[in-house]
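Everything quoted here is computed from the prediction, not taken from an experiment.
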Amino acid sequence: MADPANDFSQFGISVMEKDKLVGEVVRFMLFKTHQNSGCPVKREELTQLVTKTYHQRNLPAYVINEAKNKLSSIFGYEMRELQRILPSSKSNARFSQSNVADSKSYILVSQLEPQVYEKYVVDVNAAHLSGFTFVIISIVYLAGGKITEEVLWSQMRRMGLSEDEGKHPVLGNIKQTLELLVLQRYLQKDKVNGPEGTTIYYELAERALDEPINKKIKEYVAQIVKKDNIS
């Protein structure tokens, strides 16, 4: 008996058609990830690659799953699904069924051993951005996962990073670099109206809460606390 997960004959398409669709999704993931500095790719965008020509109900899910397998076996990437989370101020809001689908996205995560990845894949010219990302996420984590824009910039100024700096020798425009973390879904930005006006908060988003990164943050914070206790 054929495995339903691998049986595409139910969709009435040929092997060539199936392989073409899978190839389009794989190329789109690789291109978009590179073009948009690692920002998550929306599931809706991948679905549209299929539905622009084919209208079988479950075909997009099948093609995306096949693309995941190809990216893993050929390119060494895990195509990891992220579920967009709401800011805490909107945590009582409910997603409709269509919104739940729209809130899903994908990132590519290397399956190489960390030592091998750092030696042969990591772009040394982009290492500063990774460091910046990790430090900012750690600041928000230590604040309880949520911090006001004012306090975050106060902490960043202590590191010599000003919101008015447009030409930092390494990070360039500091404001834009911080906003990139929002686009990459490490952070999310939320405006909250209160008696004293509008306050902007930065919160950890789904990518920072993803287990591998969250684990690294906790280990990093634990090392800092340990050093402080020793000193």
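- Atom NZ of K70 is surrounded by 12 or fewer heavy atoms from other residues, nucleotides or ligands within 6.0 Å.
- Aromatic rings from Y220 and F134 are positioned such that their centres are separated by under 6.0 Å.
- Ion pair E78/R80 flagged as a salt bridge, since at least one NZ, NE, NH1 or NH2 atom sits closer than 4.0 Å to an Asp/Glu carboxylate oxygen.
- If you take NE2 on H128 and OG1 on T133, they are separated by 9.5 Å, rounding to the nearest 0.5 Å.
- The heavy-atom pair separating Q188 from L204 by the smallest distance is NE2-O, 3.7 Å.
- To the nearest 0.5 Å, atoms CD (E149) and CG (L178) are separated by 8.0 Å.
- For S154, the side-chain contact (heavy atoms from CB on, under 4.5 Å) partners at least two apart in sequence or on another chain are R157.
- Proximity of L30 to L108: side-chain heavy atoms (C-beta onward) are separated by under 4.5 Å at one or more points.
- A pairwise comparison of heavy atoms in P169 and E165 identifies CD-OE2, 4.2 Å as the closest pair.
- Between the CD atom of E203 and the CG atom of L187 there is a distance of 10.0 Å, given to the nearest 0.5 Å.
- In this structure a side-chain-to-backbone donor-acceptor pair under 3.5 Å is present from Q56 to F11.
- The two residues I137 and A208 come nearest to each other via the heavy atoms CG2-CB, 4.0 Å.
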Test log, rule side-chain contact (heavy atoms from CB on, under 4.5 Å), inputs I64 and T47: CA-CA 8 Å; I64 290 172; T47 298; 4.2 Å; yes

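- Formation of a donor-acceptor pair under 3.5 Å by the Q184 side chain with backbone atoms of S37 is found in this model.
- Under the 4.5 Å side-chain criterion, counting only non-hydrogen atoms from C-beta, S72 is in contact with Q111.
- In the displayed structure, Y77 atom OH is contacted under 6.0 Å by at most 12 heavy atoms of other residues, nucleotides or ligands.
- Rounding to the nearest 0.5 angstrom, the gap separating the CD1 atom in I200 from the CG atom in L152 is 11.5 Å.
- A donor-acceptor pair under 3.5 Å is absent between the side-chain atoms of D210 and the main chain of P212, judged by distance alone.
- Rounding to the nearest 0.5 Å places OG1 of T177 at 8.0 Å from CG of L181.
- Under the salt bridge (Lys or Arg N to Asp or Glu O under 4.0 Å) criterion, D19 pairs with no residue at all, not counting sequence neighbours.
- We find the NZ-OG1 distance between K20 and T53 to be 7.5 Å, quoted to the nearest 0.5 Å.
- Linking ILVMFWY side-chain heavy atoms closer than 4.5 Å, directly or via other members, places W153 and V192 in two distinct hydrophobic clusters.
- Considering every non-hydrogen atom in both N214 and L209, the closest pair reads CB-O, 4.0 Å.
- With hydrogens and angles ignored, the 3.5 Å screen pairs a side-chain donor or acceptor of N173 with a backbone N or O of Q176.
- The same ILVMFWY cluster, assembled from side-chain heavy atoms under 4.5 Å apart, contains both M156 and V151.
- In this structure, Y54 and V63 have side chains that are not in contact, with every pair of non-hydrogen atoms separated by 4.5 Å or more.
- Under the 4.5 Å side-chain heavy-atom criterion for Ile, Leu, Val, Met, Phe, Trp and Tyr, F31 and F75 are members of distinct hydrophobic clusters.
- Scored by the salt bridge (Lys or Arg N to Asp or Glu O under 4.0 Å) test, E179 finds K189 as partners (sequence neighbours excluded).
- A 6.0 Å sphere centred on CD of E219 holds more than 12 heavy atoms belonging to other residues, nucleotides or ligands.
- By the 4.5 Å heavy-atom criterion applied to side chains, L161 and F132 are counted as neighbours.
- Residues Y62 and L21 have side chains not in contact (no heavy-atom distance under 4.5 Å, counting atoms from C-beta outward).
- The local environment of NZ in K146 is crowded, with over 12 non-hydrogen atoms from other residues, nucleotides or ligands closer than 6.0 Å.
- No more than 12 heavy-atom neighbours from other residues, nucleotides or ligands sit within 6.0 angstrom of CD on E113.
- Residues K218 and K215 have side chains not in contact (no heavy-atom distance under 4.5 Å, counting atoms from C-beta outward).
- For V135, the side-chain contact (heavy atoms from CB on, under 4.5 Å) test picks out I139, M159, with sequence neighbours left out.
- At least one side-chain heavy atom of R43 sits less than 4.5 Å from a side-chain heavy atom of E81.
- Considering only residues two or more places apart in sequence or on other chains, K191 meets the salt bridge (Lys or Arg N to Asp or Glu O under 4.0 Å) condition with none of them.
- Looking at S105, its side chain never comes within 3.5 Å of a backbone N or O of P40 through a donor-acceptor pair.
- Across every non-hydrogen atom of I107 and G38, the tightest pair is CG2-O, 4.5 Å.
- Heavy-atom minimum distance, I147 versus V140: CG2-CG2, 3.9 Å.
- Of the candidates I136, D190, V182, Y202 forms a side-chain contact (heavy atoms from CB on, under 4.5 Å) with just one, namely V182.
- At least one side-chain heavy atom of L46 sits less than 4.5 Å from a side-chain heavy atom of M29.
- Under the 4.5 Å side-chain heavy-atom criterion for grouping Ile, Leu, Val, Met, Phe, Trp and Tyr, M16 is not connected to V50 through any hydrophobic cluster.
- Linking Ile, Leu, Val, Met, Phe, Trp and Tyr whenever their side-chain heavy atoms come within less than 4.5 Å puts I213 and L142 in one cluster.
- Every residue two or more places apart in sequence or in another chain that forms a salt bridge (Lys or Arg N to Asp or Glu O under 4.0 Å) with E206 is listed here: R185.
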